[in-house]
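Reviewing the structure listed below.
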Amino acid sequence: MSPRRREFLYTLAKGAALGISRAAFTQASATLEKLTEKVALIAGAGNNIVALSGESGHLLVDCGDAAHAQDVLSLVGAIKTVINTHWHLESTGANEAMVKAGAKLVSSVDTQLWMTREIIHDWEKRTFPPRANEARPKETFYTTAITTFAGESVEYGVLPFAHTSGDTYVYFTQSNVLAVGDVVQPGRLPMLDWSTNGWIGGMQEAHRTLLRLANDTTRIVPGVGPVMTKADLQASLDTVTKIREHLVKLIKQGMGPKDMIQARAMKDFESQLAGDPDEFIYTAYRGLWAHARELGGIV
Ligand SMILES: [Zn+2]
């Protein structure tokens, strides 16, 4: 393929990704959609937010980005608790505003620790400074936890390192709604944040954990995109598995990230999955390399 054709296809893929984010960005404000009697999905405020409503206020899974904090507060009113699924600003940027409005922040220990550190995303040339003290969760957990809110059992726990380390699911068992954050990224080449331990093998394991939790009527809410079924989750795992097998095969042939980018290693996936293939290859490779032993000692 000529360099021009390759450039053109990449521009198309980037345009598709931009199209999605632009649509979200131009949304006048966040929207709320009821999933069950007590549980609602708030979209358009950064990453998806799941809200469980009780008489005295709400429990939220993630709270969106900082720019939409007021939108979220006016949509739901009083917020008692926010559980962060991971440290990214699309999901936790509104943490300070939620605390100011009286909420308690809860997260895994790793997610809280990432908020105390400067994090560098070399692939997008971005540096994230440590978060303000008020933005850091004060209640943390190492493995799993359970609480009762609005008469409903809320089970949450840490997943294997996938999108980041500290990735957390939250399961409203009676309403049968499972919030999974960015561990599941339907329709996209998955963003694997290797700078905070994300990698594709962990993403497979995290999918398997979630599949064990879900049943055929569970409504699964990813960080971005519409509500999924268990069958959709299985399809997402199948795609992630195919991508991993493909990348591992290429690494075992001695290819590095530059070789893979040059060879357009993701070309068979680009028509179905949005996202920048070059960025995906680089981040996926860094994460895989950190787990070389688990892949059978690739050197
Ligand atoms: Zn994320």
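Read the numbers this way: they start at 1 and go in the same order the structure lists the ligands and their atoms.
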Would you mind counting protein N, O or S atoms that sit less than 2.8 Å from the Zn ion (ligand 1)? 4
Do Leu189 and Pro277 make a side-chain contact, defined as non-hydrogen atoms from C-beta onward lying under 4.5 Å apart? yes
4.5 Å side-chain heavy-atom contact, Ile243 and Pro190: yes
Given Leu105, Val99, Val82, the one that forms side chain to side chain contact (heavy atoms under 4.5 Å, CB included) with Pro137: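 In the set Leu105, Val99, Val82, the residue that makes a side chain to side chain contact (heavy atoms under 4.5 Å, CB included) with Pro137 is Leu105.
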With side chain to side chain donor-acceptor pair (under 3.5 Å) as the rule and sequence neighbours excluded, what pairs involving residues 75-95 come up?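 For residues 75-95, and leaving out neighbouring residues, the side chain to side chain donor-acceptor pair (under 3.5 Å) pairs sorted by first residue read Asn47-Ser91, Asp62-Thr85, Asn84-Asn95, His86-His88, His86-His163, His86-Asp182, Trp87-Thr196, His88-His163, His88-Asp193, Thr92-Arg131.
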Using only heavy-atom distances, determine whether the side chains of Gln204 and Thr241 contain a donor-acceptor pair under 3.5 Å.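 On atom types as modelled, these side chains qualify, holding a pair under 3.5 Å.
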Of all heavy-atom pairs between Ser195 and Trp114, which one has the smallest distance, and what is that distance?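 Minimum heavy-atom separation between Ser195 and Trp114: O-CH2, 4.4 Å.
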